[in-house]
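Letters A, B, ... mirror the listed sequences (proteins, then strands); counts begin at 1.
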2 protein chains.
Amino acid sequence: MSEKISTAGPGRKTPAEGKDTPPRVRLSQRAIVATAAGLFARQGFGATSLDDIGESLGVTKGALYYHVRNKEEILKLIFMTVLTVSEEPLRRIAEAEMPPAQKLERAIAHHVAVAADRSPAMTVFYREEVHLNGPFAREIADRKKAYERLFEVIIEEGQAAGFFRPGLDPKIATFGILGMCNWMSQWYRAGGTYGPEQIAAMFSQIVEGGLLLPA
Amino acid sequence: MSEKISTAGPGRKTPAEGKDTPPRVRLSQRAIVATAAGLFARQGFGATSLDDIGESLGVTKGALYYHVRNKEEILKLIFMTVLTVSEEPLRRIAEAEMPPAQKLERAIAHHVAVAADRSPAMTVFYREEVHLNGPFAREIADRKKAYERLFEVIIEEGQAAGFFRPGLDPKIATFGILGMCNWMSQWYRAGGTYGPEQIAAMFSQIVEGGLLLPA
DNA sequence: GTTAAATTTGAACGAGCGGTAGAATTTTAG
DNA sequence: CTAAAATTCTACCGCTCGTTCAAATTTAAC
């Protein structure tokens, strides 16, 4: 799961590299994963062949196997990417000293930002989880649950501090909030009417204040 | 898309049938679709073979082809089922004479009820849409959009009538609400702590009143 | 330029799957 | 019981796809 992540082998660097050689994208594990994420998001994991991925990269599928163990590993790497990008920032927000409402706002903003920024990977993350098996599937499930738990705790704190409506199950509220955000993978497109910040603001408005105007 | 939906052929009825013969489940299009929905939801469309479906029904895969044109049609029928069950009740709610808040509550309750009642089909509906193609894909997309539009209108009406917070884009609000509900396919299990009505009530509470207590 | 490592190619294999057709079996009507 | 219709089974075909591997090619170091 976490062996060699090195992208370039020994015979890879040009003398004048390291600051000005971005013309052609060298085949690498990262490039494969990024391209595959896009294809998986658009066509589905099962419906995307290694030939497809190779073609998108201008390479034969055989070449992929030098950088990646097999198709499953590509999928695994996509999942790892999403979790890696998501977990730590949220943990920092959860641990920060802040009024609950602000914590929740930032957590939502963070989650929406990731959903927007890593849109294809996010789509794969929440659609293709069925294709994971063995201990890795377990690991992902656990970390996902831990991630959700952070939202839960924020809500619990808000309730305990008397800021949030009591009696509302924090688990369900969390499911609702994450549902709102994660559903973005079904409609959000970069360059649309609203950017991530605006979407996050609207979601926060709904979640905190509700649609109803005070009578 | 809508040829023979008949479940039993001419040589099908037993003299004493029609009110007391439910012991063994006869193979039928409906049974195939129901079983397939469960398998598709659990393993994914692409990862479920016709052999799997046949085995779950105690039948060879060849038998399936007497009731269904091909694998794709099974998927199509699942989509039709979801839409058929969802559309009309929501339309009735949208057209009813009711205060906007109540309309929204009923719409949410309806959607949550469908999500809970048709959980596997719903999971397939929102996960395997990529596998549709041609005019059918278009039809589904259009009807889905029309369904969302009904929520949108309810919110617009609420804003116009001065009950709902103005300035909030009804499209985004709709995405948020439907996201909350549809996300149930990722966590809801029948027999859990809360039933559909309770979940719907909590979602309504969040969407209408928000988490924040009036200061 | 030469050499060794790194990377890619091209071809092939084997498994699994969707689909098909005719034979075989079951069911219903008379 | 019999014939016809309905339903299921068995066996098979062709195709796609993931994977492997030795050969060919490119790249980097000296």
So which protein N/O to nucleotides 20-25 of chain D N/O distances come out below 3.5 Å?
none

Inset, instruction - Grab the CD-P distance between E72(B) and dC17(C) for me, whole Å please. - result: 19 Å
Legend entry - Counterpart residues, salt bridge (charged side-chain N to carboxylate O under 4.0 Å, His left out), relative to R143(B) (two or more places apart): E87(B), E139(B)
Which atom pairs, one a donor and one an acceptor, fall under 3.5 Å between side chains of residues 146-153 of chain A and the rest of the protein, sequence neighbours left out?
residue: Y147(A); atom: OH; partner: H111(A); partner atom: ND1; Å: 2.7
residue: R149(A); atom: NH1; partner: E152(A); partner atom: OE1; Å: 2.6
residue: R149(A); atom: NH1; partner: E156(A); partner atom: OE2; Å: 3.3
residue: E152(A); atom: OE1; partner: K171(A); partner atom: NZ; Å: 3.4

Inset, instruction - State, yes or no, whether a side-chain contact exists between I177(B) and I155(B) at a heavy-atom distance under 4.5 Å. - result: yes
Inset, instruction - Please determine if a side-chain N or O atom of H67(B) lies less than 4.0 Å away from the OP1 or OP2 oxygen of dT8(D). - result: yes
Legend entry - Residues which pass salt bridge (charged side-chain N to carboxylate O under 4.0 Å, His left out) with E157(A), listed by chain and number, not counting sequence neighbours: K103(A)
Inset, instruction - Could you go through the side-chain contact (heavy atoms from CB on, under 4.5 Å) check for F40(B) and I53(B) one step at a time? - result: CA-CA 9 Å; F40(B) 290 169; I53(B) 300 173; 4.1 Å; yes
Inset, instruction - Let me know the distance between CD of E73(A) and P of dG18(D), rounded to the nearest Å. - result: 15 Å
Inset, instruction - Report the residue from F45(A), F125(A), F136(A) that forms a ring pair (Phe, Tyr, Trp, His ring centres under 6.0 Å) with H131(A). - result: F45(A)
Inset, instruction - Could you tell me whether the side chain of D117(B) reaches within less than 4.5 Å of the side chain of V85(B), counting heavy atoms only? - result: no
Tell me which donor-acceptor pairs under 3.5 Å the side chains of residues 199-206 of chain B have, and how far apart each pair is, sequence neighbours excluded?
residue: S204(B); atom: OG; partner: A200(B); partner atom: O; Å: 3.2

Legend entry - side-chain N/O Y66(B) vs dT7(D) OP1/OP2, d < 4.0 Å: yes
Legend entry - Close approaches to DNA chain D from residues 40-59 of chain B, in residue order (heavy atom, under 4.0 Å): V59(B)
Inset, instruction - Could you tell me the separation between the CG atom of L27(A) and the P atom of dT27(D), rounded to a whole number of Å? - result: 13 Å
Inset, instruction - Provide, to the nearest angstrom, the distance between the CG atom belonging to L39(A) and the C1' atom belonging to dG18(D). - result: 16 Å
